[in-house]
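Computed from a predicted model, the values in this text were never measured in an experiment. Letters A, B, ... mirror the listed sequences (proteins, then strands); counts begin at 1.
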There are 2 protein chains.
Amino acid sequence: MPTLSEVARRAGCTPATVSNVLRNRGRVGALTRQRVLEAVEALGYQPHLAARALAEGRAPTIALMVSSIANPFYPEFALAVERAARSSGHFLIICNTNEDPLAGRAYLEQIAGTLSEGVLVMNANLDFADLHKTEARGAPVVLCMWERPHEPPGLPCVAVDFRLAGQLAAQHLLELGHRRIGAIVASKAAGIHAARYDGFVDALRAAGLDAAQAPVRHARDTTQGGYRATRELLETHPQLTAIFATNDLPALGALHAAADLGLQVPHDLSVVGITDIQLAQESRPALTTVAVPTVEAAELAVSLLRELIEASPRGIRAAAKAPRVCITSAPKLVVRGSTQAPRAERS
Amino acid sequence: MPTLSEVARRAGCTPATVSNVLRNRGRVGALTRQRVLEAVEALGYQPHLAARALAEGRAPTIALMVSSIANPFYPEFALAVERAARSSGHFLIICNTNEDPLAGRAYLEQIAGTLSEGVLVMNANLDFADLHKTEARGAPVVLCMWERPHEPPGLPCVAVDFRLAGQLAAQHLLELGHRRIGAIVASKAAGIHAARYDGFVDALRAAGLDAAQAPVRHARDTTQGGYRATRELLETHPQLTAIFATNDLPALGALHAAADLGLQVPHDLSVVGITDIQLAQESRPALTTVAVPTVEAAELAVSLLRELIEASPRGIRAAAKAPRVCITSAPKLVVRGSTQAPRAERS
DNA sequence: CTGAAAGCGCTAACAG
DNA sequence: CTGTTAGCGCTTTCAG
């Protein structure tokens, strides 16, 4: 691989000049520029990113921490992040923590601040102390999908009003006339999805229902998890006419469970999820869900991270004011085929 | 972030010595080592990866080129690649080409050899010329899922016998008694999936059938694509009893189409796919498919890349012998609920 | 066993 | 306008 000085030699000037023309710094004579450009072309020169990073004191990548890229929601998000990162001149490093805080820590320690300029964190079961440590080392951190806009996490974040999402889902069911609704909370880590469930409860209350009366099951955030939870729910509470799930994957599982129990969705059972992942459109029936602004969140996260990077000139911590919280636009109900009014008005 | 020399100062020695203890080079006195380790600990020192990369002339990352990480197959593969990369000391950069050869080229030119030591290529619609160019610049390239083990592509690759996969799928259908089988070829780029279709034809021939008699549709490699193709196929050839799709996503689409046409799968129509992605287990009915050794392919790809990296000491091209081809273990038929013997023996 | 010195490829002042 | 001079943080001979 040709280097700057090889280009310089060929163009009959110094590396500094070549650098200048390449980055449009300092004025360079038209003729010199011309010769430099030719030399670059002839040699097929490409700047050495590691060298540049070292000299500039900044890295050309950002990291995305995620528990497992194989969860169908993450790739959609990752794709949007990558696009945004790309257009701000960064490459994306994917860090699968596999739900293991130690793996997460190892990643953070190794790349934050040396290979990656900043870190984006999707639900990845990380230790907050580790995150603060990486911040302190000079690598900004942004939480990508904070669930409670009004309860800041003590770290910069983009927040989605998931409580509202829960409300919207529940309201939809209530408006259709459902009164006996089972809830599935997909809480891998404690507390995650709590806001969504809170919203569900809000809506029930607002409709004058006793929320304690609605049966709940916790499940893993997978189709399987939702499948099992639904079967349990329906076995113990056969009179349920609808299922509210805090995420699409378990909602999809509910669809399967219903099929296996001989229930027609939405005729015998309505199902609603949250997020609106790709798959939600592809199930049979298609899933009614509350769409979360994924792409917007990804873009906000990257631009917030960028801002923080710019604002921390070589490791100087920003003043100790409260970390920024960016709020996305509101989640929106998407009605598809998995919900309708309950069949029997009397239960 | 503390640097090597800060550690050295604190430990009362020189950077060179610190470097030595950290990488177990050159002998270091037990006592010095002790002090160095303490200093490292006290300062929370972490090596600066970009600096190390520059000094060593090697990069700590590899790149995975993929057309879009949002295609459900890729994340599964990417996860396996990341694990393998990790355990060989590399980080993974995800490069979504978005099916755009120009985007792919831009990636290759920028990172190959400077940020990434090597490049893994999933079907990403890249220009082979670009790949050869990046090889020539000193960054090894490995194709991750070459479809024809016996027709080497002129680049190092890991090959999966997809022709066999096609055969297995077709044989399964034939053994069940199907004779009127429609084929869906999911060929985003020309020729991709051709091997799978060839295998299908092989099996038909072997069974004494006229392959020309089996209707074929080309489709995009998506559920949607499979959906449309299936509807077309069934409208023009209502007597079909089975659908063979070259990939799982279109096969899943076939399932949906059947449902919309009022056909029971597998009772009225059998469907078989290839790959065995996660989703294949989750459809209703679950999809019969030919499983491809994804994880194995990912691991082979990374280890082949590693080998090539080691073998090319700083950009010296290996001798011009034919590039290596690693062959994975054979694809295997996985029978699930979407296939059974055709209902009417007479069509 | 440890230190001194050179350099990886590039950028960033500051002179000329 | 262009060249000179220092590094960025680390590794790596090669002396001591």
Side-chain angles (χ1 to χ4, degrees), chain A residues 1-37 39-40 43-60 89 110-115 117 137-138 313-315, chain B residues 1-37 39-40 43-60 89 110-115 117 137-138 313-315:
Chain A
M1 299 219 8
T3 70
L4 245 208
S5 27
E6 292 176 344
V7 174
R9 198 171 329 131
R10 192 177 223 273
C13 64
T14 70
T17 303
V18 177
S19 177
N20 280 336
V21 359
L22 256 27
R23 33 190 37 242
N24 295 313
R25 303 278 285 222
R27 320 238 141 276
V28 181
L31 200 128
T32 317
R33 142 171 279 110
Q34 172 71 9
R35 282 212 315 278
V36 166
L37 260 16
V40 164
L43 263 32
Y45 169 79
Q46 287 293 142
H48 193 297
L49 264 23
R52 177 176 281 183
L54 184 56
E56 284 184 321
R58 66 197 329 281
Q110 288 189 68
I111 65 176
T114 74
L115 229 204
E117 243 183 338
R137 296 220 329 265
R314 260 116 216 184
Chain B
M1 299 218 10
T3 70
L4 244 208
S5 27
E6 292 175 345
V7 174
R9 199 172 325 131
R10 192 176 222 272
C13 64
T14 69
T17 303
V18 178
S19 176
N20 280 336
V21 359
L22 256 27
R23 31 190 38 239
N24 294 314
R25 301 280 283 222
R27 321 240 140 272
V28 180
L31 199 128
T32 316
R33 142 172 278 107
Q34 172 71 10
R35 281 211 317 278
V36 166
L37 260 16
V40 164
L43 262 31
Y45 169 79
Q46 287 293 141
H48 192 297
L49 264 24
R52 178 176 280 184
L54 183 56
E56 284 184 320
R58 64 195 336 281
Q110 287 189 69
I111 66 176
T114 74
L115 230 203
E117 241 182 340
R137 296 222 327 267
R314 260 119 214 179

Taking [atom1] from [X] and [atom2] from [N], how many angstroms apart are they, rounded to a whole number?
| X | N | atom1 | atom2 | value |
| --- | --- | --- | --- | --- |
| B:Leu54 | C:dG7 | CG | C1' | 9 Å |
| B:Arg52 | D:dG9 | CZ | P | 14 Å |
| B:Met1 | D:dC8 | CE | C1' | 13 Å |
| A:Asn20 | C:dA12 | CG | C1' | 9 Å |
| A:Leu22 | C:dG9 | CG | C1' | 13 Å |
| B:Leu4 | D:dC8 | CG | P | 13 Å |
| B:Arg58 | C:dG9 | CZ | P | 15 Å |
| A:Gln46 | C:dC10 | CD | C1' | 14 Å |

Less than 3.5 Å apart, which donor and acceptor atoms pair up between the side chains of residues 43-55 of chain A and the rest of the protein, not counting sequence neighbours?
unit_1  : atom_1 : unit_2   : atom_2 : d
A:Gln46 : NE2    : B:Glu109 : O      : 3.4
A:His48 : ND1    : A:Ala50  : N      : 3.2
A:His48 : ND1    : A:Ala51  : N      : 3.2

Quiz prompt | Nearest non-hydrogen partners of B:Ala59 and B:Leu115, listed with the distance | solution =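 Nearest heavy atoms, B:Ala59 then B:Leu115: CB-O, 3.1 Å.
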
Exercise. Provide the closest heavy-atom pair for B:Val36 versus B:Ala11 in the form atom of the first, atom of the second, distance.
Key: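 Between these two residues, the closest heavy atoms are CA-CB, 3.9 Å.
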
Quiz prompt | side chain to side chain donor-acceptor pair (under 3.5 Å) partners for B:Arg33, two or more places apart | solution =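 B:Asn24.
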
Quiz item: P atom, D:dT5 versus C:dA6: distance in rounded Å?
Solution: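 Those two atoms are separated by 16 Å.
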
Quiz item: Are the side chain of A:Arg137 and the backbone of A:Gly113 linked by a donor-acceptor contact shorter than 3.5 Å?
Solution: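 A pair under 3.5 Å: no.
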
Quiz item: A:Ala51 has a side chain; which of C:dC10, D:dG9, D:dT11 sits nearest to it?
Solution: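 Per side-chain heavy atoms of A:Ala51, the pick is C:dC10.
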
Quiz item: In residues 29-37 of chain A, which ones come under 4.0 Å of DNA chain D, going by heavy atoms?
Solution: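 A:Gly29, A:Thr32, in order of number.
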
Quiz item: With a 4.0 Å cut-off on heavy atoms, is B:Ser19 in touch with a base, just the backbone sugar-phosphate, or nothing at all?
Solution: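 It contacts base atoms.
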
Practice problem: Would you check if A:Leu22 and A:Leu4 make a side-chain contact, meaning some heavy-atom pair closer than 4.5 Å? | Solution: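 Counting from C-beta outward, A:Leu22 and A:Leu4 do come under 4.5 Å.
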
Self-check item: Side-chain heavy atoms of A:Thr32 within contact of A:Val21, under 4.5 Å
Solution: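 Not in contact.
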
Quiz item: In dot-bracket, 5' to 3', how would DNA chain C read with Watson-Crick or G-U wobble pairs under 3.5 Å, [ ] for crossing ones and | for pairs to another strand?
Solution: |||||||||||.||||

Quiz prompt | Residue pairs, two or more places apart or on separate chains, that pass salt bridge (Lys or Arg N to Asp or Glu O under 4.0 Å) and touch residues 1-22 of chain A | solution =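 The answer is none; no pair qualifies.
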
Exercise. Strictly below 4.0 Å, heavy-atom distances to any atom of DNA chain C: list the hits from residues 9-17 of chain A, or just say none.
Key: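 Here the set is A:Ala16.
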
Practice problem: To the nearest 0.5 angstrom, please state how far the CZ atom of B:Arg23 sits from the CD atom of B:Glu56. | Solution: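 Spacing of CZ (B:Arg23) from CD (B:Glu56) equals 4.5 Å.
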
